[in-house]
Every structure is written in structure tokens, then in C-alpha cells.
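Presented below is the structure to which this report refers.
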Amino acid sequence: MFFPQRFVTHGQTKYFGLFHVNRVGDSPILINCVHISVMAMQCVQPLNEVKEADSEILESTTDFPKPQTVIASPCWGAVEFDSNLLVIRPSSICLNLEDLKCFEVVEHQFHHYGITFKNAIALQPSNPAYPPRTGTTVLMGAPNSGWLEATFSQPVNMFCCYVTSSQRTVLSAYDHQEKLLVRSSITGPNLAGSNSQISPNAELRIESSNILRITVYAFDGQLTLADPSFSF
């Protein structure tokens, strides 16, 4: 059974906190103690100090880490999680593409962060018309040119990427019923060194509830995608 916060003597030590106690006959056996343990000679406290300790304990148990942005690195092996651990899901995830090998097919490398890709390869562009935005690595729609797709294991409410393309490019988001939720587009090509009024690595961002799949489509053109990120 659980006992409320109180002093309990076990051997030569007194404990103060929350206790889980089993009884054998009339004798309690201390199973677990949470918070503070002190030697018996140090346990004599005025009542007001005990109340202050109670307040500090309550604050510490409710002071959880705040969600934050995580830079997600790829993983090529199976990932196991301890189900007994409390996992705080980050509010935003940015994918680090730099550890991917050039021409590596990208599918499940970021699965442990809740996203998988289809028709995507990692590329370190040699063509200056497709410059990376940061680092040296981008995603390219391939082996079928002009599109790529990402699916989320849990609904997200934002997806953002930076696209360089030889054609008009559309970013679309769908829910679990394959219903189109929202679209965003680049109105024309934006290759570096061209006469386009749109800079390379133009931002495409969509926001909506319950996004489970996104597609990036360039109408049979070539496209690269840099610095993808998403938020829950």
C-alpha cells in the first residue's frame, strides 16, 4: 500500500517522502522511498520546515522539461525504446541530412523520429543550378524525377522545406483518409544562375491539423529539397 508523505524509520535511517509499504503480520516492510533520506539524528525539523519541504517536493515533481526543437540524425539500425521511460516528444524536428551518403536511397533513416520517405535519394549536387541551402547534402526526387513523398507515424501540424526546381513546384498535405488539407507552391522554376525572379532554395511551408502525408511535385522537372522540418 502507499503511505502519504511522512517520517518512517528503517534500521538506523529515517526517511521522509512517499512510501510503498508491504506488511508482514504487524510489521511494515519498507519497499520504496521517494525524495529525501537523512540519518535519524538529522530528522528533527520544526513543523514549518516540513511544510516548506513538502512545497519543494511538489514543485520538483511538476517541473517537467519543456518540448524543444531537435536536430534529427539518421539511423540505419533498429531502434529500441524502454517503455518504462517517460519520453518528452519534441515540439519541432529538423532533419540533419549531412550524415547521409551521396546517392543513398532515403526511406527509413529517420523513422525513429516519425517520418519515412518515398522516391528520395541523398545528393551532394555537382550542378551549381541546385545549390544546398546549408551544408552539402539535399534530397532529390529519384529514381522517378520530379516528386518525392513523406509519411508521418503520428499527425503533425506543420511541414517546411526549401526547394530548388526546374519547374513550378507544389507541396501538398493529406490526412489519414487521403483528404487534401492544404497546398503551397512555387509559381515557377528557381534554378540558381537563371533569370528566375524566385531565389533557389525557396521556402515551402504548410500548416494544418492532422497531416499524415505530404508530397512535393515538380511537374516532370528536377527538384532538390533542403532542410526539411516538421512540428507536432
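Remember, predicted model here, so these are calculated numbers, not experimental data. Each residue takes its place number in the sequence, starting with 1. Note that these values count all heavy atoms, side chains included, but never hydrogens, waters or copies made by symmetry.
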Pairing residues for E203 by the salt bridge (Lys or Arg N to Asp or Glu O under 4.0 Å) criterion, not counting sequence neighbours
R205
Kindly state each residue pair satisfying ring pair (Phe, Tyr, Trp, His ring centres under 6.0 Å) with at least one member in residues 158-197, sequence neighbours excluded.
none
Checking E98 now: which residues fulfil side chain to side chain donor-acceptor pair (under 3.5 Å) with it, not counting sequence neighbours?
T136
Taking side chain to side chain contact (heavy atoms under 4.5 Å, CB included) as the test, write out the residues that go with D175, two or more places apart.
Q177, K179, L181
So, taking the atom named OG in S165 and the one named CG in N201, what distance separates them when rounded to the nearest 0.5 Å?
11.5 Å
Taking ILVMFWY side chains as joined if any heavy atoms are under 4.5 angstrom apart, and letting links pass through other members, which residues group with Y217?
W147, V170, F219
Is there a donor-acceptor contact under 3.5 Å from the side chain of S196 to the main chain of P189?
yes
Between V182 and I214, is there shared hydrophobic-cluster membership here, with clusters defined by ILVMFWY side-chain heavy atoms closer than 4.5 Å?
yes
Using only atom types and a distance under 3.5 Å, with no angle test, would you say the side chain of S185 pairs donor to acceptor with the backbone of T169?
no
Which residues satisfy the side chain to side chain contact (heavy atoms under 4.5 Å, CB included) test with S153, sequence neighbours excluded?
none
Can you find a side-chain donor-acceptor pair between Q222 and Q167 that sits under 3.5 Å?
no
Going by the salt bridge (Lys or Arg N to Asp or Glu O under 4.0 Å) test, which pairs reach into residues 131-157, not counting sequence neighbours?
R133-D227, E149-R213
Under a 3.5 Å distance rule, please check whether N190 uses its side chain to pair with a backbone N or O of V163 as donor and acceptor.
yes
Sequence neighbours left out, what passes ring-ring contact (aromatic ring centres under 6.0 Å, His included) with F152? Give chain and number order.
F230
How would you list all residue pairs meeting salt bridge (Lys or Arg N to Asp or Glu O under 4.0 Å) that involve residues 112-131, not counting sequence neighbours?
none
V70, M158: one ILVMFWY side-chain cluster at the under-4.5 Å cut-off?
no
List in chain and number order the residues that pass side chain to side chain contact (heavy atoms under 4.5 Å, CB included) with S184, two or more places apart in sequence or in another chain; answer none if no residue qualifies.
L204, I206
Ignoring hydrogens and angles, write down the donor-acceptor pairs under 3.5 Å from the side chains of residues 120-127, residues two or more places apart or on other chains.
residue : atom : partner : partner atom : Å
N127    : OD1  : A129    : N            : 3.0

Quiz: residues 137-146 side-chain donor-acceptor pairs under 3.5 angstrom, not counting sequence neighbours:
none

Find out whether L100 and V106 are in side-chain contact, i.e. whether some heavy atom of one side chain is under 4.5 Å from a heavy atom of the other.
yes
